[in-house]
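Quick caveat: nothing in here was measured; it's all calculated off a predicted structure.
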Amino acid sequence: MEASGASEPETVALNYNAGRLGSPAGGLVGGDKIRPPMSGCKLPVGTCPDMCPAAERAQREKERRLHRFEVAPGCRGDRPRADPQRAVKEYRRPAAGKARPPPSQLRPPSVLLATVRYLAGEVAERADASSAEVASFVADRLRAVRLDLALQGAGDAEAAGVLEAALAVLLAVVARLGPDAVRGPADPVLLQAQVQEGFGSLRRCYAQGAGPHPREAVFQGLFLLYNLGSVEALHEVLQLPAALRSCPALRRALAVDSAFREGNTARLFRLLRILPYLQSCAVQCHIGRARRGALARLARALSTPKGQTLPLGFMVHLLALDGPEEARDLCQAHGLPLDGQERVVFLRGRYTEKGLPPAGTCSVLVASKLGGRTLEEVAMAEEEDEGVARLKSPA
């Protein structure tokens, strides 16, 4: 985002409406209003060298609002101290009519990128915290990253790099939430809204800048996969330049969306099996619904008064389940009886749908695809296996 063109877009920089897709053309829909600077004024560039400004660290120490991830090692007792190497600026909603923070309170793009790297490498991989606690902390701090970026005049390429890395990390930590996360500190609805905010900020950055953006095809594809089946999302992707739509990452996302819409179970799960890790994280929230739809179609086709049986091994392969136990749980959750431990029986009138479809562990379709890489490596590097296209800037 060029400094000279940043004032107008910043009034729509963040979208806090969970029901709206992250659109590059979307207006401000509720949430936080960022007052644009006076006409002719350029936005400053942040100068804060730390992940969290010293003033905020001191204030949160005094108010005892430090997260345990931010406390200095070995510091216990009533007044924990912040570790400057661990404390990360928290999100605070911009107050209406309040002056913009000075450059000393804003982190420049290089520090923002280092902050995202820290969150991916040191916080997201913590073994001493639940996935829900990690997701809640990371999502809040990434929200503050986006806000810092929106309040300053960052260059187009720098802004895109920060937003891409932040969104990749957010998608991954949200995908790691287990079925019980709703009872933890992470609010699934709020996290969904923040993912959409991330897409909105990034896609506006793409739309406003001349580029090129080497990872744009990947992230436009992630947008479609996260909003799988959405007419609005598909329409926005189809409005992209033909050269961008021809990139492998976007073609594959369009193929997945097509198979999902058509109810082509075999093709859909065949495509899901070969998606890279980030794309699998983006689409994970739709896998339960896709499996339920496939099971419903099987029930309509195979159910008889006396019952027809189907090997659970076939179900495991068709729906890319993590094993026979998950197949048994899926069938029983939908009222289908089992014949022993190896076959499911399709009896007419027995198939039912109650509540949300089982989330499943998605080890085969998501977790296994890291392939020995760290989240930091995935989030900060280009997706070489997706054939990232380096589009030329228009003359």
Side-chain angles (χ1 to χ4, degrees), residues 1-17 22-60 87-119 138-167 169-170 190 193-209 213:
M1 290 177 285
E2 297 295 341
S4 60
S7 59
E8 288 281 336
E10 297 320 325
T11 63
V12 295
L14 300 175
N15 179 353
Y16 300 110
N17 187 327
S23 169
L28 185 65
V29 184
D32 303 340
K33 294 185 179 181
I34 303 173
R35 188 178 64 186
M38 294 177 62
S39 178
C41 295
K42 291 186 177 182
L43 290 172
V45 176
T47 60
C48 176
D50 300 323
M51 293 191 296
C52 182
E56 181 183 316
R57 291 201 305 269
Q59 181 180 3
R60 289 205 280 135
V88 183
K89 186 177 183 178
E90 68 178 1
Y91 173 79
R92 286 193 177 184
R93 183 184 296 272
K98 186 178 180 180
R100 290 168 175 261
S104 61
Q105 298 301 306
L106 297 175
R107 297 160 293 178
S110 60
V111 176
L112 292 175
L113 197 60
T115 301
V116 175
R117 184 183 294 277
Y118 168 77
L119 292 172
V138 170
D140 176 85
R141 273 36 178 192
L142 290 177
R143 198 177 190 185
V145 165
R146 292 196 302 274
L147 183 57
D148 265 20
L149 191 64
L151 290 170
Q152 62 185 296
D156 177 62
E158 288 180 314
V162 172
L163 293 171
E164 288 167 348
L167 183 53
V169 175
L170 184 58
L190 179 60
Q194 292 186 24
V195 172
Q196 296 288 17
E197 290 170 16
F199 277 120
S201 297
L202 178 57
R203 298 183 70 242
R204 279 189 289 274
C205 180
Y206 290 152
Q208 293 159 8
H213 301 292

Visitor: Going by the rule salt bridge (charged side-chain N to carboxylate O under 4.0 Å, His left out), which residues pair with Asp140 if we only count those two or more places apart in sequence or in a different chain?
Guide: none
Visitor: Can you name the nearest heavy-atom pair linking Cys52 to Arg60, along with the distance?
Guide: SG-NH2, 3.8 Å
Visitor: Partners of Glu164 by side chain to side chain donor-acceptor pair (under 3.5 Å), sequence neighbours excluded?
Guide: Tyr206
Visitor: Taking all non-hydrogen atoms of both residues, which atom of Ala160 and which atom of Cys205 are closest, and how far apart?
Guide: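 Nearest pair, atom of Ala160 first, then Cys205: N-SG, 3.7 Å.
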Visitor: Kindly compute the distance separating CG (Leu142) from CG (Leu163), expressed to the nearest 0.5 Å.
Guide: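 Between Leu142 CG and Leu163 CG, I get 10.5 Å after rounding to 0.5 Å.
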Visitor: I'd like to know if Glu197 and Arg146 make a salt bridge, using a cut-off of under 4.0 Å between side-chain N and carboxylate O.
Guide: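 Salt bridge flag = yes for Arg146 with Glu197.
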Visitor: How about Lys89 and Pro53: do any of their side-chain heavy atoms sit closer than 4.5 Å?
Guide: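 Heavy-atom side-chain distance check passes, below 4.5 Å.
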Visitor: How many angstroms lie between atom CZ of Arg141 and atom OG1 of Thr115, to the nearest 0.5 angstrom?
Guide: 11.5 Å
Visitor: For Tyr118, give me all partners under ring-ring contact (aromatic ring centres under 6.0 Å, His included), at least two apart in sequence or on another chain.
Guide: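 Checked Tyr118 against ring-ring contact (aromatic ring centres under 6.0 Å, His included); zero matches.
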Visitor: Keeping to residues at least two apart or across chains, list the salt bridge (charged side-chain N to carboxylate O under 4.0 Å, His left out) pairs with something in residues 45-54.
Guide: Asp50-Arg57
Visitor: Any side-chain heavy atom of Leu151 within less than 4.5 Å of one from Leu43?
Guide: no
Visitor: Could you give the distance from CZ (Arg203) to CD (Gln196), rounded to the nearest 0.5 Å?
Guide: 10.0 Å
Visitor: With sequence neighbours left out, write down each residue that passes salt bridge (charged side-chain N to carboxylate O under 4.0 Å, His left out) with Glu158, or none if nothing qualifies.
Guide: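 Partners of Glu158 by the salt bridge (charged side-chain N to carboxylate O under 4.0 Å, His left out) criterion come out as none, since no residue qualifies.
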Visitor: Would you be so kind as to tabulate the donor-acceptor pairs closer than 3.5 Å made by side chains of residues 107-114, with sequence neighbours excluded?
Guide:
unit_1: Arg107; atom_1: NE; unit_2: Asp148; atom_2: OD2; d: 2.9
unit_1: Arg107; atom_1: NH1; unit_2: Met51; atom_2: O; d: 3.0
unit_1: Arg107; atom_1: NH2; unit_2: Ala144; atom_2: O; d: 3.4
unit_1: Arg107; atom_1: NH2; unit_2: Asp148; atom_2: OD2; d: 3.4

Visitor: Not counting sequence neighbours, which residues clear side chain to side chain contact (heavy atoms under 4.5 Å, CB included) with Pro103? List them please.
Guide: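 Expected list: Pro44, Thr47.
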Visitor: Going by side chain to side chain donor-acceptor pair (under 3.5 Å), name the residues that satisfy it together with Glu90, two or more places apart in sequence or in a different chain.
Guide: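 Testing Glu90 for side chain to side chain donor-acceptor pair (under 3.5 Å), a comparison that skips the adjacent residues, returns Arg65.
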